[in-house]
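Single-structure report; data block below.
All chains are named by letter (A, B, ...) in the order of the sequence lines, taking the proteins before the strands, and each is independently numbered beginning at 1. Computed from a prediction, not measured in an experiment: that's the story for all the values here.
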There are 2 protein chains.
Amino acid sequence: MDTKQEVAGRRMGPVGSDNWHAMLDGAETILREEGHAALTSRRIAEQIGVKQRLVYYYFRTMDDLIVETFRRMSARELARLSAARESAQPLREIWAVCVHTADARLVSQFMALAHRIDDLRREVVHFIDASRSIQVEAIAEAMERSGTKSRVSPAGLTLLATSVALAITRESALGITTGHHDVRTVIFALMDDLEPG
Amino acid sequence: MDTKQEVAGRRMGPVGSDNWHAMLDGAETILREEGHAALTSRRIAEQIGVKQRLVYYYFRTMDDLIVETFRRMSARELARLSAARESAQPLREIWAVCVHTADARLVSQFMALAHRIDDLRREVVHFIDASRSIQVEAIAEAMERSGTKSRVSPAGLTLLATSVALAITRESALGITTGHHDVRTVIFALMDDLEPG
DNA sequence: GTCTATACACCGATAGAC
DNA sequence: GTCTATCGGTGTATAGAC
C-alpha cells in the first residue's frame, strides 16, 4: 500500500498513505453532511488541514478521488457482508449490515454522481453484483439447511430484502415510517423460518 | 395560471406561462440526460432558446426552479396514480405507473438534491406520503373485496411493492437484472389473488 | 417581457519554487 | 512532499436599457 504513481510525467502521491486516506475520509464526511455540491478540492483540503494543491498531488482529478472514495467504502462494506455471511446467523447479520451501515444520504449522492462518472457507475454495478452474490448464497444455503420451501427463488428473496432495507433507511432519514414496522415483522418471520434460533 | 408575482420589489414572470413551462421542461430533460451538475441557468436558457437572464425573470433562484420542477412532476405523477386508482384494475394499473413512469435517473437526481434544498426535501416527503396513501387504499380495498387474508398489512404490502418497483427500475438502468423476473412473478401472483380477472 | 452587460465568487487544474 | 501563485472557465444573480 505504498505504491507511488506517475501519470503523464506528473509526480503523484503514494496510494494508501495517511494523507491519501485522510482525503477520502474528508470526502466521505463532506458527501454525507453537505452533499455532492460541496465536494470540492478546496473544501477537502480545508477539512483535513492541507492546501488545495495537495489534493491534486494525490489524485489526478476530482472524479478520480470520488471513484476512489466509493471503491474504498464498497470494499469495506463487502468485507462486512462476508464476515456476516460466515457468522452463526448469516441472514440476521447480513440484514443488520444492510440496514445499519448503508447511509442513505451517502448512497443517494453516489447514485447521482454515477450518472455522470462512468468509472463510478461501473464500480456501483460491481458492488451491487458482488454484494448480491453473497446474499443469494446465504439465503440459498439457509433454505436448503432449514428445508424451507418457498415460491420465491433465493435471488428473488434477496432482491426483495435488499429493496426494502434500502427503502426503510432512505425513508427513515426523511422521517417517513409508514409500513416499516409491518415489513420488518415479515422479514423477521421469514428469517425465523430460514434461520431458526 | 397567470398569476404575476413580485418578490422584494423585483418584477417576476407569470407562473404557468409558456416560458415558465418551457424552462421546467428543459430542466427535466437536462436532469434526465445530463444530471444535476449540468442543470444551470445558462444550460436551461440554451436548451429552450432564450437568454440566461430570462430564467431569473421567471424564477427567483435556481433552487426555486428545481423545487418547482419537482412539484410539477410529482403533481403529474399523483394524477396518474389517482386515475389508476379509479380504473377497473387499480393494482395492475398502479404497478404499471410505478414501474414505467418513475424514471430512475430523475429520481436519483432529485433525491440527491433534496439533501441540500430544504424545500425540495419537504416536497419529496409530501409526494411519498400522498402516493403511498393512494396505494394503501387501493390494496386495502382489493383485500377486502377479494376476501384475501394476508400476514402483511396493506401498508406493509405497499412498502414492499414500491420498494421493489423502484429497485427494479434503478437496477435495470444499470444493467442489473438478478432476481427481477422472480420478484415480478411474485408480485403478479399476489395481484392475481387480490385483483382477479 | 426580453435583452445586454457585468459584478463577484468559486471551481478544476497546472507551473514551478522550496 | 508540500507549498505559493495563478490561469481560464463557469456559476449565480443583479442593474438597468429597450
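- A continuous path of hydrophobic side-chain contacts links Ile117(A) to Leu174(B) [ILVMFWY only; heavy atoms under 4.5 Å].
- Once rounded to the nearest 0.5 Å, the distance linking CD1 of Ile66(A) with CD of Glu28(A) reads 13.0 Å.
- Remark on the helix from dG1(C)-dC18(D) to dC18(C)-dG1(D): inter-end axis angle 0°, axes from five-pair C1' superpositions, rounded to 10°.
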Got a list of protein N/O to nucleotides 9-11 of chain C N/O distances below 3.5 Å?
unit_1	atom_1	unit_2	atom_2	d
dC11(C)	OP1	Thr40(A)	OG1	3.4

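- Under the 30°/60° scheme for interplanar angles, the aromatic rings of Trp95(A) and Phe188(A) are found to stand perpendicular.
- Applying the salt bridge (charged side-chain N to carboxylate O under 4.0 Å, His left out) test between Asp25(B) and each of Arg32(B), Arg76(B), Arg72(B) identifies Arg72(B) as the sole match.
- Under a 4.0 Å N-O distance rule, the pair Glu171(A)/Arg132(B) qualifies as a salt bridge.
- Salt-bridge annotation for Arg105(B) and Glu34(B): absent, with no side-chain N of the basic residue lying under 4.0 Å from a carboxylate O of the acidic one.
- Summarising the geometry, the separation between CH2 on Trp20(A) and C1' on dG1(D) is reported as 18 Å, rounded to the nearest angstrom.
- None of His115(A), Arg121(A), Arg116(A) except one satisfies the side-chain hydrogen bond (donor to acceptor under 3.5 Å, both in side chains) rule with Asp118(A); the exception is Arg121(A).
- For Leu54(A) and dC3(D), the CG to P distance is 6 Å, given to the nearest whole Å.
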Measure all distances between protein nitrogen or oxygen atoms and nitrogen or oxygen atoms of nucleotides 14-18 of chain C, and list the pairs falling under 3.5 Å.
unit_1	atom_1	unit_2	atom_2	d
dT14(C)	OP2	Arg10(A)	NH1	2.6
dA15(C)	N6	Arg53(A)	NE	3.0

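- Put simply, CD1 on Ile44(B) is 15 Å from C1' on dT10(D), counting in whole angstrom units.
- The existence of a salt bridge linking Asp192(A) and Arg92(A) is confirmed by a sub-4.0 Å separation between a basic side-chain nitrogen and an acidic carboxylate oxygen.
- Checking Ser41(A) against Gln52(A) by side-chain atom types alone, a donor-acceptor pair falls below 3.5 Å.
- Distance, His36(A) NE2 to dG11(D) C1': 14 Å, rounded to whole Å.
- Taken to the nearest 0.5 Å, the CZ atom of Arg170(A) stands 9.5 Å off from the OG atom of Ser108(A).
- With salt bridges taken as basic N to acidic carboxylate O contacts below 4.0 Å, none links Glu46(B) and Arg42(B).
- Between Lys51(B) atom NZ and dG11(D) atom P there is a gap of 15 Å when expressed in whole angstrom units.
- Taking atom CD1 on Ile30(B) and atom C1' on dG11(D), their separation rounds to 14 Å, with Å as the unit.
- Remark: Tyr58(B) is in phosphate contact with dT2(C), judged by side-chain N or O atoms under 4.0 Å from OP1 or OP2.
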